[in-house]
Amino acid sequence: MQAIVPELLREQGLLEYENDHYAAAAIHFQSAAESGDARSAEVLALMYRFGARLYGDQVNADAAKTAYWAAVAADRRFVAAANPTSSSR
């Protein structure tokens, strides 16, 4: 059951994102990423990369957060690829 939690958080983030609630989406994506979801970490990296240019005052650009979440996503993708029996998060 625990493996479902990050995916549910990511789905909630996607719903918020689709409704232009970017700050709320970032919160859900961060929770999912912290729970092991590589896709959410990738999305967070992009959100922090583009910041206000795409998300207005809801998400600020932040180079340190961009680098951090990109590294987290890459690391999780590498681990998943190296261990085919692990989940594809």
Side-chain angles (χ1 to χ4, degrees):
M1 193 71 110
Q2 184 179 1
I4 295 174
V5 172
E7 289 80 8
L8 292 175
L9 290 166
R10 180 180 0 108
E11 289 299 319
Q12 185 63 42
L14 289 170
L15 288 172
E16 296 289 0
Y17 190 99
E18 290 170 355
N19 288 305
D20 300 332
H21 302 146
Y22 303 118
I27 291 168
H28 290 293
F29 289 135
Q30 183 168 336
S31 294
E34 289 171 346
S35 297
D37 188 61
R39 292 180 188 136
S40 293
E42 290 172 336
V43 171
L44 272 176
L46 290 171
M47 289 182 81
Y48 287 123
R49 165 69 175 92
F50 293 105
R53 288 185 285 174
L54 293 181
Y55 308 113
D57 63 353
Q58 295 186 54
V59 178
N60 293 319
D62 187 315
K65 289 181 181 180
T66 298
Y68 174 78
W69 288 114
V72 168
D75 183 55
R76 291 197 181 134
R77 293 284 189 207
F78 176 78
V79 170
N83 184 6
T85 61
S86 71
S87 77
S88 61
R89 294 191 254 160

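Both backbone and side-chain heavy atoms feed into the values below; hydrogens, waters and symmetry mates do not.
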Exercise for review: Treat each ILVMFWY residue as a node, draw an edge where side-chain heavy atoms are under 4.5 Å apart, and state whether Val72 and Phe50 are in one component.
Suggested key: yes

Point to revise | Within-4.5 Å side-chain heavy-atom neighbours: Met47 and Val43 | key: yes

Revision key, fill the gap. Residues 22-42 vs ring pair (Phe, Tyr, Trp, His ring centres under 6.0 Å), sequence neighbours excluded, gives Tyr17-Tyr22, Tyr22-Tyr55

Point to revise | ILVMFWY network linking Leu14 to Val5, side-chain heavy atoms under 4.5 angstrom | key: no

Revision key, fill the gap. Contacts of Gln58 meeting side chain to side chain donor-acceptor pair (under 3.5 Å) (sequence neighbours excluded), chain-then-number -> none

**Study point:** Ala70: partners by side-chain contact (heavy atoms from CB on, under 4.5 Å), with sequence neighbours left out
**Key:** Ala45

Study note, to complete from the structure: The side-chain contact (heavy atoms from CB on, under 4.5 Å) partners of Leu15 (sequence neighbours excluded) come to Gln12, Glu18

Practice item. Heavy atoms only: give me the nearest Pro6-Asp37 pair and the separation to one decimal. Key: CB-CB, 3.8 Å

**Study point:** Asn60: partners by side-chain contact (heavy atoms from CB on, under 4.5 Å), with sequence neighbours left out
**Key:** none

Practice item. Not counting sequence neighbours, which residues clear salt bridge (charged side-chain N to carboxylate O under 4.0 Å, His left out) with Glu16? List them please. Key: none

Study note, to complete from the structure: d(Ser35 OG, Arg10 CZ) to nearest 0.5 Å is 11.5 Å

Check your understanding: Checking Arg76 side chain against Ala33 main chain: does a donor-acceptor pair fall under 3.5 Å?
Key -> yes

Exercise for review: With sequence neighbours excluded, tell me which residues meet side-chain contact (heavy atoms from CB on, under 4.5 Å) with Ser31.
Suggested key: Leu9

Revision key, fill the gap. Ala73 and Ala38 have their tightest heavy-atom pair at CB-O, 3.7 Å

Review point. Side-chain contact, heavy-atom cut-off 4.5 Å: Glu34 with Gln30?
Key: yes

Practice item. Name all pairs fulfilling the salt bridge (Lys or Arg N to Asp or Glu O under 4.0 Å) condition that reach into residues 42-63, sequence neighbours left out, sorted by first residue then second. Key: Glu42-Arg77

